[in-house]
Number of protein chains: 2
Amino acid sequence: MIHSFKDLLEKFEEKFSERIFPGSPANLYDPAQYILQLGGKRLRPVLCLMGNELFNDLTEDAYSVAVAVELFHNFTLVHDDIMDEAPLRRGKPTVHKTFGEDSAILAGDVMLIQSYLQINEVNDRFLKRIVHIFSKTAREVCEGQQLDMDYAALPLQEVGMDAYLHMIALKTSVLLAGSLQMGGVLGGGSEGNLMHLYSFGKNLGIAFQIQDDYLDAFGDPGKTGKQAGGDILVNKKTFLLIKAWELGNQKQRQQIEVLLNNNDPEKVEKMLCIYHGLKLDQWAKEEKSRFMAKAGECLENVAVLSSRKRELENLVAMLLDREN
Amino acid sequence: MIHSFKDLLEKFEEKFSERIFPGSPANLYDPAQYILQLGGKRLRPVLCLMGNELFNDLTEDAYSVAVAVELFHNFTLVHDDIMDEAPLRRGKPTVHKTFGEDSAILAGDVMLIQSYLQINEVNDRFLKRIVHIFSKTAREVCEGQQLDMDYAALPLQEVGMDAYLHMIALKTSVLLAGSLQMGGVLGGGSEGNLMHLYSFGKNLGIAFQIQDDYLDAFGDPGKTGKQAGGDILVNKKTFLLIKAWELGNQKQRQQIEVLLNNNDPEKVEKMLCIYHGLKLDQWAKEEKSRFMAKAGECLENVAVLSSRKRELENLVAMLLDREN
């Protein structure tokens, strides 16, 4: 009997609620515990468990890697929030706002180290493979974050859709894909199947990001819990903004440039007007469907009983129909 | 034939001079390459090689771990320099001064990750043990850095010698000890011998730090290449300052407090006068000898032919008689 996302989430949260760090030095470990208890979707660790269960019964090793992946993800949030000067994370003050930047840097470091101590709990016969996937993925996530900062500093016209997609794949998708893949390795999946599973994760990640951008612009703030057009307000380069520039005529491009360079109080409304004029809401839905379809094909290619895949299919539907 | 420190240093530098990181994204990997080529004593990686050779012929695995250890050490320097707002490292602008803080944070992160990719090259049968020692040591180094920041913020009278020694052991000694120990594991040393080797490294590290503090206060700037009394100028808590407080009479303590709270242009001279009055130059030499003797005993307890230990003994003498 394959577990649903919800079941696995509960199981994971139970493991993850055990205190991971020692109590002292408090100024090092309190910031780490702080972000862990802020919650989150726990998508990556559960994907690791699902990757395992796609091929075989759940193992303790998969839980160890799941904890490592969630620790790693939270480490990236702590350091990214410093770089982005973000005041809030999940509606609460960020680690560096609460404990100071120095402690946030060091707490992030120790979370990354701790993630390897978790990885190190897996069975010897899997260890080298898992350390390799985990580290390669981690390095790619750093590359994605650097490219994101690089692109943020570039004028809009110099960031094409392909470069943007590459950045998103590194920053977001590879960790979803790697989590599934590591779970698959622990479940004994064959090389071919693991490759398909990885591609499934990468496409899912991109569809997921498109949905994020869509919700930020067109979602219902009552449901998302976020300010409508938050990305627009801070000139964030999103799928929508890059596509708007790509599709826009000369007049629309001029309007976009003016909006990016001024603090027009009606910035969000005016940008949304351009987006609607270019039918980007429709486009985003189609793009999301396109990547979902790609992901679906990859999952189809995983040669296991279709009953084993059902919960992953359910998860995809849930993630991409979400309104928050 | 056992190699000398100098021979092993040359061999290590040859390995380490190969480019470790890819070229792109340049803003991520250039800062990492930048600090690696600033040089350094390469003490930790060579200790790893010496730990290996204490028990057996040098192996490729020891070089992999040596590279990992040096990468890790440089990662800590990049992040510590941000926290300490240090403008210079080895006489050159620090990474964050050269590339900005965001890139320095991220470059440090990717160096830490890369160190695990190096670790992952060791033979399967050693991998779990090495990942464990490496990660445990890495976590302790973070604890040491946090305690260092904690103590920096405390009034002098609240930092006792025991607490200070504990901090130094974590911040400096455990990485020397862990490097030796990992080399010893790869050389096939027995548990008992590895324990003695680890204790040797810990005592050596403390003696090394005492020598550092001694040279900063009493060394010849022409030889150290550093400003005389640099630690005094920035109120750094050192062995000497903590001992001065411990030994000082009421008048001397008052003088110390005044010097710590004012920007007296003769601060260095006046503090050195107190140090000399308390004979701290003599005391530091004795303390160094005491920890060296402890280290020597630990090394004696390592049950291998004494000819195999000779190069480690030579290294100790070299490190502790150094004038820079």
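Note that the coordinates shown come from a computational prediction; the quantities given were computed from them, not determined experimentally. Sequence lines set the chain letters: A, B, ... in the order given, protein chains first and strands last, and positions in each chain run from 1.
Heavy-atom pairs under 4.5 Å with chain A peak, among B/V131, B/N27, B/D150, B/V141, at B/N27. Per-residue counts of heavy-atom pairs under 4.5 Å with chain A were compared for B/M149, B/R139, B/H132; the largest is that of B/R139.
Other residues, nucleotides and ligands place no more than 12 heavy atoms under 6.0 Å from the CD atom of B/E85. Around the NZ atom of B/K92, the shell of radius 6.0 Å holds no more than 12 heavy atoms that belong to other residues, nucleotides or ligands. Residue-environment remark: NZ (A/K97) stays at or below the threshold of 12 foreign heavy atoms within 6.0 Å.
Contacts between B/F75 and chain A at a heavy-atom distance below 4.5 Å involve the side chain alone, from C-beta outward.
Side-chain polar atoms of B/Y29 and A/Q146 form no donor-acceptor pair below 3.5 angstrom.
B/E143 approaches A/P25 most closely through the heavy-atom pair CG-CD, 3.7 Å.
The stretch residues 98-129 of chain A places A/E101, A/D102, A/S103, A/I105, A/L106, A/D109, A/V110, A/L112, A/I113, A/Q114, A/Y116, A/L117, A/N120, A/E121, A/V122, A/N123, A/D124, A/L127, A/K128 near chain B, each with some heavy atom under 4.5 Å from a heavy atom of that chain.
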